[in-house]
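A quick write-up on the structure given underneath.
These figures come from a predicted structure and were not determined experimentally. Lettering follows sequence order; numbering is per chain, from 1.
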Amino acid sequence: MNYWLVKQEPSKYSWEQFVQDKETYWDGVRNYQARNNLKIMQKGDHVLFYHSVVGKEVVGVAKVTKEAYPDPSTDDDRWVVVDLKPVVAMKNTVTLEDIKSHPALQSIALVKQSRLSVSPLTKKEIKIILDMGNTKIKGV
DNA sequence: GCCAACGTTGGC
DNA sequence: GCCAACGTTGGC
């Protein structure tokens with residue numbers, strides 16, 4: 001079981017929209033490193049949903065419901081998507097500032113590599129973020 | 001809105 | 001294969 005963090009600008013696709021949709025395929029990834037992360041996601045993996053640019057905070061938790069398959073939004077076969085569905089909204093959102101101020105979260109990609117849109121988290125890291133958000137999910 | 005950081009492209 | 005030029009992302 002792995003843990004991830006995905007980023008999206010709420011003006012493009014917000015958590016609220018995601019919840020309304022009930023399920024979505026995570027398309028538009030055009031970066032090899034992010035793509036490679038998508039490819040190793042497994043069904044049932046938990047994924048934090050982060051709002052970039054506007055808000056700059058972790059807003060909810062999603063779950064992988066379908067592993068990587070070719071991106072239906074392009075003919076280019078280099079790119080893949082996964083299916084995600086919302087699990088729970090964060091009770092308290094966790095801002096970038098909160099994350100940056102926590103000593104154990106200094107090395108996560110969100111901080112060090114702010115442009116990477118799909119990045120891995122360790123169990124310890126996701127636990128800290130969930131704790132800060134006063135949110136609990138099964139198995140973490 | 002600016003700009004630094006990063007990835008990609010293309011000329012050589 | 002190097003590297004300058006360019007485009008994009010995202011924090012500020």
Side-chain angles (χ1 to χ4, degrees):
Chain A
M1 188 71 81
N2 294 300
Y3 304 96
W4 309 95
L5 183 145
V6 296
K7 285 191 312 187
Q8 188 53 268
E9 294 187 35
S11 59
K12 290 180 182 154
Y13 192 79
S14 66
W15 170 260
E16 290 75 18
Q17 182 68 49
F18 181 39
V19 169
Q20 235 172 55
D21 290 349
K22 306 259 192 346
E23 185 159 39
T24 192
Y25 56 87
W26 202 255
D27 67 346
V29 170
R30 295 291 181 271
N31 168 287
Y32 290 109
Q33 215 182 330
R35 194 274 316 261
N36 292 342
N37 287 331
L38 283 183
K39 278 191 166 176
I40 54 178
M41 281 189 188
Q42 291 173 336
K43 201 171 169 176
D45 282 358
H46 284 108
V47 182
L48 294 181
F49 193 118
Y50 173 81
H51 276 170
S52 63
V53 184
V54 180
K56 280 173 285 178
E57 55 193 6
V58 176
V59 287
V61 185
K63 200 164 140 177
V64 177
T65 55
K66 189 174 178 188
E67 293 172 13
Y69 60 97
D71 188 338
S73 68
T74 176
D75 289 337
D76 194 329
D77 60 11
R78 288 177 299 170
W79 307 116
V80 299
V81 299
V82 295
D83 284 356
L84 296 179
K85 77 166 191 206
V87 173
V88 65
M90 300 294 274
K91 206 173 265 179
N92 304 117
T93 59
V94 178
T95 64
L96 182 61
E97 205 184 349
D98 295 335
I99 290 171
K100 279 186 166 170
S101 65
H102 195 294
L105 299 176
Q106 296 300 304
S107 61
I108 67 171
L110 183 68
V111 176
K112 291 187 79 171
Q113 222 182 324
S114 67
R115 294 182 52 184
L116 184 61
S117 61
V118 181
S119 56
L121 290 172
T122 65
K123 186 166 186 173
K124 191 177 159 198
E125 289 160 352
I126 195 170
K127 201 170 164 43
I128 293 169
I129 296 172
L130 289 171
D131 278 350
M132 287 198 290
N134 196 22
T135 302
K136 286 210 181 337
I137 56 173
K138 245 193 230 172
V140 180

*So, is A/Tyr50 close to the C/dG11 phosphate, meaning a side-chain N or O under 4.0 Å from OP1 or OP2?*
yes

*Counting only side-chain N and O atoms of A/Lys7, is one of them less than 4.0 Å from OP1 or OP2 of C/dG10?*
yes

Grab the [atom1]-[atom2] distance between [X] and [N] for me, whole Å please.
{"X": "A/Asn31", "N": "C/dG10", "atom1": "CG", "atom2": "P", "value": "10 Å"}
{"X": "A/Gln33", "N": "C/dT9", "atom1": "CD", "atom2": "P", "value": "16 Å"}
{"X": "A/Arg115", "N": "C/dG10", "atom1": "CZ", "atom2": "P", "value": "7 Å"}
{"X": "A/Glu57", "N": "C/dG11", "atom1": "CD", "atom2": "P", "value": "12 Å"}
{"X": "A/Asp98", "N": "C/dG11", "atom1": "CG", "atom2": "C1'", "value": "16 Å"}
{"X": "A/Leu110", "N": "B/dC6", "atom1": "CG", "atom2": "C1'", "value": "16 Å"}
{"X": "A/Gln8", "N": "C/dG11", "atom1": "CD", "atom2": "P", "value": "12 Å"}
{"X": "A/Leu5", "N": "C/dG10", "atom1": "CG", "atom2": "C1'", "value": "14 Å"}

*For A/Lys100, report the nucleic acid contact type (base, sugar-phosphate, nothing); a contact means any heavy atom under 4.0 Å.*
sugar-phosphate

*Please work out if A/Leu96 contacts a base, only the sugar-phosphate, or nothing of the nucleic acid, heavy-atom cut-off 4.0 Å.*
sugar-phosphate

*From the list B/dA5, B/dG7, C/dG11, which nucleotide is the closest neighbour of the side chain of A/Ser114?*
C/dG11

*Taking side chain as C-beta onward, heavy atoms only, is A/Asp83 less than 4.5 Å from A/Tyr69?*
yes

_Please find the pair of heavy atoms, one from A/Pro86 and one from A/Lys22, that lie closest to each other, and give the distance._
CD-O, 3.0 Å

_For A/Pro72 against A/Val81, the heavy-atom pair lying closest together_ = CD-CG2, 3.8 Å

*Quick one: sort the A/Phe49 and A/Tyr13 rings into parallel, tilted or perpendicular, breaks at 30° and 60°.*
tilted

